[in-house]
> 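The structure that follows is given in the form of C-alpha cells.
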Amino acid sequence: MKVLVIGGGAREHALCRSLSLDPDVTALHCAPGNAGIAEVAELHPVDPLDGPAVARLAAVLGADLVVVGPEAPLVAGVADHVRAAGIPCFGPSAAAAQLEGSKAFAKDVMAGAGVPTARSYVCTTPEEIDEALDAFGAPYVVKDDGLAAGKGVVVTGDLAQAREHALACGRVVIEEYLDGPEVSLFAVTDGETVVPLRPAQDFKRALDGDEGPNTGGMGAYSPLPWADPKLVDEVMATVLQPTVDELRRRGTPFSGLLYAGLAITSRGVRVIEFNARFGDPETQVVLARLKTPLAGVLLAAANGTLDTFPPLQWREDAAVTVVIASHNYPDTPRTGDPIEGLDEVAAEDAPHAYVLHAGTKRDGDAIVSAGGRVLSVTATGKDLAEARERAYRAVSRIRLSGSQHRTDIARAAAEG
C-alpha cells in the first residue's frame, strides 16, 4: 500500500512513524513534512491547503490512501478534492470538518444529537458579549468560533481579559465553566461505524501546575489509571455515536478521526470541544500503545468497511509525551536555533524513547527550530512512572537554546 500523509507536525510524524512500521505499507510519502519525517518518508513540497495540488500529487504517486493530518486542510476541503479524484482519503469533508472549524456549528450538532455539553451563547456584538459574560460569571470561558491552532480559548477569572479576547474574535462562543479533569478520546469512523481508541490526557497550559497561557499542548499520557473503566463505553453511547449519526442525518457524514475533548464534571461527562483530526500531543501516546497496524484501520474508515474490521489490539505499556517548545512560546517564538542531542537519544534511549519532530527544518547539516512547539519526546514503559522517567531522561539529552518544557507531565497520575 502506498500512503501519502498531509501535514508537517509532530502528529504527522507520529502517524508516519506508525505507518512506516506497518508491513502493508510499501511506500510512504509526506507533504510537506519536516526534518524528522524525512527519515521515514519521502517529502514533497506541496502546499497542504491546496486541494487540487494534493490530489494531483496523490495521483502521480499512485497513492492507495491519503491521510490528511491538520485541521486547516480539512476545513479547506482537501479531503473532498482527493476523494473526487477517486483516491481513498482518511479525513472528513469540508462540511463535516466544520465540527472543528466552527464552535457554533459544533454546539448546534450537539444540541441536535442530545450530546451533553456546557451551556453557551454565540455572540457577535459587544452587547451580546457583555450579557453572556454576566450570565455565566467567573471563571469565564471564551472561545473563538473559528480555527485558532489551539490558542483561541481563554479561561480566566479576569473579566477585562475575557472581554478583550471576545471582542478580538469577531464571532465568539461564551460558555459555562466545566469543573473536573479533562480527557481526550479519539474515535475512527467511516460515517456509520465508530471505533474508539484509548483515552489520553493532555496538558494545555504552558507552565507547570497548569499555570500560564493556553497552548496547542505541552504533553500527554495514556492510559488514565484514575478514569472509570466504563468511561469509553459511556462516551461512545452518549457522545461519539450520536454525533456521527446526527451528522449523517444532516447529509454531512463524518468519515475520519473524531476527537472528543471531555470534562469529567461533578454532573457527569460533558463535551468541551470536538476536533476533526488526531490531536497533538495525544496522538503520540495513543499510537505508541496501538498494536494493530495503522494503515488498515485508516483505509477501512476511508472505504466504509469498519464494520468488518477486526477489533483493535493494544499494548499494555503506558506512554508519556513531553513537548519541547521554543523560547517565548506561545507568543511569537524564536526560530532558527540549532537542535543538538537527537543522535544521543537515538543511541541511548531507543526503542523505549524517541523524538518526534514538529517545528523543525534542516539547515545544511544542522536541524534547527522552525516553530513554537519544536519536538515531542515520547516514551513507553510498564507503567506511567517508568514511561515518565524514560521520557524526561531523553528530554535531558536535547539541547535547544532558550527552550522550555513542563516538568510535571503525568506526575500526578504516576504518583496515584
Side-chain angles (χ1 to χ4, degrees), residues 70-72 74-76 94 97-113 115-184 202-207 209-218 239 243 259-263 265-267 269-277 279-280 325 328-333 372-373:
E71 61 271 28
L74 291 168
V75 172
Q98 284 301 304
L99 199 64
E100 178 171 5
S102 168
K103 302 291 190 298
F105 176 79
K107 288 289 188 182
D108 188 61
V109 170
M110 284 188 269
V115 169
T117 187
R119 293 180 297 121
S120 63
Y121 295 101
V122 180
C123 306
T124 56
T125 68
E127 293 77 18
E128 290 174 344
I129 288 169
D130 289 339
E131 289 177 12
L133 292 172
D134 182 62
F136 288 128
Y140 305 100
V141 181
V142 183
K143 298 181 176 182
D144 192 330
D145 181 53
L147 294 178
K151 290 172 280 187
V153 179
V154 165
V155 181
T156 178
D158 186 331
L159 176 59
Q161 182 186 6
R163 190 172 190 273
E164 180 184 15
H165 181 66
L167 291 170
C169 290
R171 193 176 194 222
V172 66
V173 174
I174 297 174
E175 63 184 37
E176 67 175 329
Y177 176 76
L178 297 175
D179 65 330
E182 296 184 12
V183 173
S184 300
D202 77 331
F203 294 74
K204 284 285 192 285
R205 299 284 187 170
L207 307 176
D210 290 329
E211 299 290 334
N214 264 346
T215 71
M218 295 299 291
V239 175
T243 299
Y259 166 124
L262 310 164
T265 77
S266 55
R267 295 173 292 148
V269 175
R270 298 288 186 273
V271 175
I272 301 170
E273 65 175 353
F274 283 124
N275 289 340
R277 39 74 195 180
D280 178 5
N328 204 41
Y329 177 79
D331 294 325
T332 305
R373 290 185 295 167

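When reading the values below, keep in mind they use all heavy atoms of this one structure, side chains included, and skip hydrogens, waters and symmetry mates.
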> Can you measure from CD (Glu273) to CD (Glu175) and round to the nearest 0.5 angstrom?
9.5 Å

> With sequence neighbours excluded, what pairs up with Phe274 under the ring pair (Phe, Tyr, Trp, His ring centres under 6.0 Å) test?
none

> Please assess Leu133 against Val142 for the test side chain to side chain contact (heavy atoms under 4.5 Å, CB included), listing each intermediate value before the final yes or no.
CA-CA 9 Å; Leu133 292 172; Val142 183; 4.1 Å; yes

> Run the side chain to side chain contact (heavy atoms under 4.5 Å, CB included) test against Pro213 and tell me which residues pass, sequence neighbours left out.
Ala206, Pro330

> Donor-acceptor pair, Asp145 side chain versus Arg171 backbone, under 3.5 Å?
no

> So, using side-chain hydrogen bond (donor to acceptor under 3.5 Å, both in side chains) as the criterion, who are the partners of Thr243 when residues are at least two apart?
none

> Going by side chain to side chain contact (heavy atoms under 4.5 Å, CB included), name the residues that satisfy it together with Glu128, two or more places apart in sequence or in a different chain.
Cys123, Thr124, Thr125

> Do any N or O atoms from the side chain of Asp158 and from the backbone of Ala160 form a donor-acceptor pair under 3.5 angstrom?
yes

> Can you name the closest pair of heavy atoms from Leu207 and Gly212 and give their distance?
CD1-CA, 4.0 Å

> Please find the pair of heavy atoms, one from Ala325 and one from Tyr329, that lie closest to each other, and give the distance.
CB-CD2, 3.7 Å

> Out of curiosity, Leu74 CG to Asn275 CG, how far, rounded to the nearest 0.5 Å?
10.5 Å

> Partners of Thr332 by side-chain hydrogen bond (donor to acceptor under 3.5 Å, both in side chains), sequence neighbours excluded?
none

> To the closest 0.5 Å, what do you measure between OG1 (Thr215) and CG (Asp331)?
11.5 Å

> Which residues satisfy the side-chain hydrogen bond (donor to acceptor under 3.5 Å, both in side chains) test with Thr265, sequence neighbours excluded?
none

> Check whether any side-chain heavy atom of Asn214 sits under 4.5 Å from a side-chain heavy atom of Arg205, and report yes or no.
yes

> Who pairs with Tyr140 by side-chain hydrogen bond (donor to acceptor under 3.5 Å, both in side chains), at least two apart in sequence or on another chain?
none

> Run Asp280 and Arg373 through side chain to side chain contact (heavy atoms under 4.5 Å, CB included) and show every step you take.
CA-CA 10 Å; Asp280 178 5; Arg373 290 185 295 167; 3.6 Å; yes

> Would you say the side chain of Leu178 lies within less than 4.5 Å of the side chain of Val141, judging by non-hydrogen atoms?
no

> Table please: side-chain donor-acceptor pairs of residues 115-122 below 3.5 Å, with sequence neighbours left out.
{"residue": "Thr117", "atom": "OG1", "partner": "Lys107", "partner atom": "NZ", "Å": "2.9"}
{"residue": "Thr117", "atom": "OG1", "partner": "Val271", "partner atom": "O", "Å": "2.7"}

> Show the nearest heavy-atom pair for residues Ile174 and Ala166, with the distance to one decimal.
CD1-CB, 4.5 Å

> Glu182: which residues meet the side chain to side chain contact (heavy atoms under 4.5 Å, CB included) condition with it, sequence neighbours left out?
Ile272

> Mind checking what makes salt bridge (charged side-chain N to carboxylate O under 4.0 Å, His left out) contact with Arg163, not counting sequence neighbours?
Asp130

> Test of understanding: with side chain to side chain contact (heavy atoms under 4.5 Å, CB included), list the residues that count as partners of Gln98, not counting sequence neighbours.
Val75, Ser102, Phe105

> How long is the span from the CZ atom in Phe136 to the CD atom in Glu176, to the nearest 0.5 Å?
6.0 Å

> Taking all heavy atoms of Val172 and all of Lys143, pick out the closest pair and write down the distance.
CG2-O, 3.1 Å

> Tell me the closest heavy-atom pair linking Pro139 and Tyr177, and the distance in Å.
CG-CG, 3.4 Å

> Just to verify, what does Asp179 make a salt bridge (charged side-chain N to carboxylate O under 4.0 Å, His left out) with, not counting sequence neighbours?
none

